[in-house]
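Okay, so here's the structure we're looking at.
Proteins get letters first, then strands, A, B, ... in listed order; numbering begins at 1 in each.
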There are 2 protein chains.
Amino acid sequence: MAVSGRQTGRPTLEEVAARAGVGRGTVSRVINGSPRVSDRAKEAVGQAIAELGYVPNRAARALAGARTDAIALVIPETESRLFAEPYFLDIIRGVSAELADADMQLLLTLIRSSKERQRFEQYLSAQRVDGVLLVSVHGDDPLPDLARELGVPAVLNGRRSAGERVAYVDSDNVGAGRSAVDHLTGRGCRRVATITGPLDMYVARCRLDGYRQGVEAAGLPADDRLVAAADFTEEGGRRAMRELLDRCPDVDGVFAASDVMAAGARGVLREAGRRVPDDVALIGVDDSAVARLMDPPLTSVRQPIEEMGRRMARALLREITGADPEPCRVVLPTELVVRDSA
Amino acid sequence: MAVSGRQTGRPTLEEVAARAGVGRGTVSRVINGSPRVSDRAKEAVGQAIAELGYVPNRAARALAGARTDAIALVIPETESRLFAEPYFLDIIRGVSAELADADMQLLLTLIRSSKERQRFEQYLSAQRVDGVLLVSVHGDDPLPDLARELGVPAVLNGRRSAGERVAYVDSDNVGAGRSAVDHLTGRGCRRVATITGPLDMYVARCRLDGYRQGVEAAGLPADDRLVAAADFTEEGGRRAMRELLDRCPDVDGVFAASDVMAAGARGVLREAGRRVPDDVALIGVDDSAVARLMDPPLTSVRQPIEEMGRRMARALLREITGADPEPCRVVLPTELVVRDSA
DNA sequence: AACCGGCGTGGGAGCGCTCCCACCGTAGAG
DNA sequence: CTCTACGGTGGGAGCGCTCCCACGCCGGTT
C-alpha cells in the first residue's frame, strides 16, 4: 500500500529458460512456433511458461524484431460526422474480431485536423505500426500512396477510383444502386430520382452509375433533373429532396445513397404532404438502425459492413506477412432489404 | 522494387547527438523537457532533430522506461450491441481528441467472449498499457478492481454503485430521469410510466430513482405497475411498452431510459393506436440520431457524451502522471432537449 | 574407423532508448 | 585562495527480446 512504484516484476524469457532448463533461444523458438525444437523442449518450456504466467514483453519484441504487432485503423474525422455513424462501429467490430485471433493490437486514429494528419504521417514514416487500414478515402487522398511509398502495408475500405492500385475491400456500390432502382421501377415508379453522396468519392459515383443503369434498364428516359448531389448528411438529404420536389414535382421514387440522407428526405416529403411509399417510394443504403426505426421502416440496401472489416484485417495481415503477391481486390455483394418505404 | 526488406533507416538518438555536438543524455533531456539543459544545447538539439527528421522509437522508449505511451479503451461487446451505438463513437471521439494532444496512442479493445476477456486481463497484468478506460461497466464487473490491484490506472465511464472507489466520469442520471418526468408532469401527464435499463447497471437504477423523485414531486401516487424493466434494446422497449399498456391502459406519459427503447415503445404505441404525444407523451435519453429522426421527433435527455470521453482521458492522464491524489469523481449535468414527442 | 551433414541447441550481440552516476566547470562562501 | 554547491553534461549499464553464429551430437555414409 505504501510504495506505489510500478515495478513490473514480470517473468522474462530468461527466467522461463532457467526454469525449463533450456537456453533463451529455445524458449524464443517455442514461443514463435519454430519447427526446429524437440518435443521434449517444447513441453518443458510450455510448462514453465504456464507456471510462471509468462507473457512476452511487447516493447522488447518490437525493439529487437522489426515489427510492432499493431496496426492502425485510420478514420478521417470529417467523414465520421457525415457518414452513417454506426458504419464505423461495424467496421471496427469486424477488424477487431479478426485481429484478436492474430494477437495484434488495434490502434484507433481519428484524424480531424491537418495538424493531426501531419502527426499521423510522421507516425507512419516512423514505422510504428505494421500496417494501416484506411476508411472512407476521398478520390484525392494522398495517404494510401504515402503508405505505399513508405513500404507500410495498407488496405483501403472502398476505392478512390476504378483503377485503385492499393489493396482494398469494397462493396458492390453499382449493384446497390441498380438493385434499389430495379425495385423502385418494379413496383411501378416511373419518375425515379436519386440523392447522391459527394461526387468526389468513388462510392458515390458508383451508386449513381447503378442508378443510371437501373433507369435505363427500365426503359425510362434519363433526366439529370432527377439527380441531386448531396453529402451523406441528413441536412444534405433534406436540401436535395427539396430541390428534387422543386424541379420535378412528379417524382414518385427516390434512391438515396445513404439511410441518413433518406431520413432527411423523408422529413421533407412529410412536410410536403407526400406519403411514403404511396406518393413517393424511398430507398436508402446501409440498412442501419435508422432504417429500421423510421416511419415507415425504410427499405434499404444492406452492405456487409462487419464482413468488410474482417476482410480488410485479413488482407492486411496477409500483406504484412508477405503471403500475398497481389494486393487484395475484394468487392462484396450487397442485398436489398425490403421494408415498407418502397 | 526488387528488395522489399523493411530496413527502417530512421535516425537514432545517437545520431541526433552527434549532429548537435552533444551527448546522448542531453538529447534525451531536451526531448523529455528536462529543465536541466542550457539554452544553447536545447537549440542545437532542436535543430538537429528538425534536420534529421528524428522521431523517437516508441518501442525502445517503452523498453527502457516504464511506460508505453498507450492507453486502452475497453468496450464489452455485449454492451455495444445493446447500447445506443453512436454513444461509443462519441466517447471515442472525445477520448481521441484529448489523447492526441498528449501524444498518446489509443488502443481499442472490444471484449466479446470470455476468452477475449481473459486475454485482456493477461494483457493488463503484462502492463502493456499505461492505463485503461472502461466503458459501460455492470455492477459486478471485476475488471476495474483487477486494474486497481495491478496498479494500472483506470477510469470508468459510469459508476458501478453509489460507493464507486475507482475513478469515474458519469452523467447525472438521477437528474436525467427527474427532468424528463418533471417535463411530463408539467405538460399535464398524470399517469407517468418508465421503461428502465437493466437494473444491475447503476445507470439504470439512477434513472429510475430520478423518475421516482419526479413522480413524488408532482404529488402523484407511486405505482410499481408503471415501472417496466428492460435492457436498453429496441425489442426490450417494445416488450416493456406492451406490458405497460396491458397493466395500465390509462398511461399518458412514458420516460424510456434510452432513445432506442423509446423507439421500440413508439412502435408499440402506434400499433395500439395511441397518438404521440396527444395520447401518450414520450421521452428518451441520449439525444441520439434516432431521436431526431423519429416521427414525431423525440424529446430526449441529452448527455454530454463526447465531453465525458474527454474528461475520462484527462483524468486518466492525470492519474498516470500521479498528479491526482484523489481519484476523479465527475458527474456531468444532462439537458432536456424538447422536441415533439412530449 | 574417420568422415560428413543436419538437427537441436546455447548464448553473444545488438535493437534505441532512459536512468543514473560521475564528472566538469563556475560562482559564491569561508 | 581554497572549499563547497550545484547547474550542465557525457556516457555506461541495462530494459527483454530476436537474430544468428557456433557448437555439440546423432545417424548414415565411404
Side-chain angles (χ1 to χ4, degrees), chain A residues 5-46 48-49 52-70 103 125-128 130 321, chain B residues 5-46 48-49 52-70 103 125-128 130 321:
Chain A
R6 286 182 53 204
Q7 83 286 47
T8 30
R10 310 236 83 232
T12 70
L13 237 206
E14 195 96 46
E15 289 166 325
V16 174
R19 177 158 201 131
V22 299
R24 220 170 60 251
T26 303
V27 177
S28 177
R29 260 166 245 136
V30 171
I31 288 173
N32 295 297
S34 157
R36 310 217 159 292
V37 189
S38 66
D39 288 345
R40 214 167 56 74
K42 223 176 287 185
E43 202 176 320
V45 170
I49 288 180
L52 259 32
Y54 170 75
V55 182
N57 179 320
R58 238 179 174 112
R61 242 185 182 171
L63 183 56
R67 44 193 246 270
T68 61
D69 286 337
D103 196 32
S125 52
Q127 309 266 14
R128 282 206 294 229
D130 291 342
T321 56
Chain B
R6 285 179 56 200
Q7 84 287 48
T8 31
R10 310 235 85 232
T12 70
L13 237 206
E14 197 95 45
E15 290 166 326
V16 174
R19 177 157 199 130
V22 300
R24 223 172 55 251
T26 303
V27 177
S28 176
R29 259 166 247 137
V30 171
I31 288 172
N32 296 297
S34 155
R36 308 215 159 293
V37 190
S38 67
D39 288 346
R40 215 167 55 74
K42 222 175 287 185
E43 203 176 319
V45 170
I49 288 180
L52 258 32
Y54 170 75
V55 182
N57 179 320
R58 236 174 176 117
R61 242 186 181 170
L63 183 56
R67 44 193 245 270
T68 61
D69 286 337
D103 196 30
S125 53
Q127 310 265 14
R128 283 207 293 232
D130 291 343
T321 55

> What do the steps show when you test B:Thr68 against A:Arg58 for side chain to side chain contact (heavy atoms under 4.5 Å, CB included), and what is the final call?
Replying inline: CA-CA 10 Å; B:Thr68 61; A:Arg58 238 179 174 112; over 6 Å; no
What side-chain donor-acceptor pairs closer than 3.5 Å can you find for residues 14-23 of chain A, not counting sequence neighbours?
residue, atom, partner, partner atom, Å
A:Glu15, OE1, A:Thr12, N, 2.7
A:Arg19, NE, A:Glu51, OE1, 2.5
A:Arg19, NH2, A:Glu51, OE1, 2.8

Side-chain donor-acceptor contacts of residues 25-32 of chain A below 3.5 Å, not counting sequence neighbours, with atom names and distances?
residue, atom, partner, partner atom, Å
A:Ser28, OG, A:Asn32, ND2, 3.4
A:Asn32, OD1, A:Arg61, NH2, 3.2
A:Asn32, ND2, A:Ser28, O, 2.8

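Between A:Lys42 atom NZ and C:dC7 atom C1' the separation is 13 Å, expressed in whole Å. Whole-Å rounding puts the B:Ile49 CD1 to C:dG16 P distance at 16 Å. The nearest whole Å value for the distance from the CD atom in B:Glu43 to the P atom in D:dG8 is 15 Å. One interatomic measurement links the two molecules: CD of A:Glu15 to P of D:dC15, which rounds to 10 Å at whole-angstrom precision. Per the geometry, CG belonging to A:Asn57 stands 17 Å off P belonging to C:dG16, to the nearest Å. One interatomic measurement links the two molecules: CZ of B:Arg61 to C1' of D:dC17, which rounds to 20 Å at whole-angstrom precision. Summarising the geometry, the separation between CZ on A:Arg40 and C1' on D:dC26 is reported as 14 Å, rounded to the nearest angstrom. For the pair B:Arg10 CZ and C:dG16 P, the interatomic distance rounds to 11 Å; values are reported in whole Å.
In plain terms, the two heavy atoms of A:Val37 and A:Lys42 that are nearest each other are O-CE, 3.8 Å. Here the closest heavy-atom approach between residue B:Asp130 and residue B:Arg67 is recorded as OD1-CA, 3.4 Å.
Taking the side chain to side chain contact (heavy atoms under 4.5 Å, CB included) definition, one finds that A:Thr321 meets it with A:Ala323, sequence neighbours left out. With sequence neighbours left out, the side chain to side chain contact (heavy atoms under 4.5 Å, CB included) criterion links A:Ala59 to A:Asn57, B:Ala62, B:Leu63.
Listed by residue number, A:Arg24, A:Ser28, A:Arg29, A:Asn32 are the residues of residues 22-38 of chain A with a heavy-atom contact under 4.0 Å to DNA chain D.
Rotation axes derived from the C1' atoms of the five outermost pairs at either end of the helix from C:dA1-D:dT30 to C:dG30-D:dC1 lie 60° apart, to the nearest 10°.
B:Ala41 comes within contact range of the sugar-phosphate backbone alone, with a heavy-atom separation under 4.0 Å but no base atom that close.
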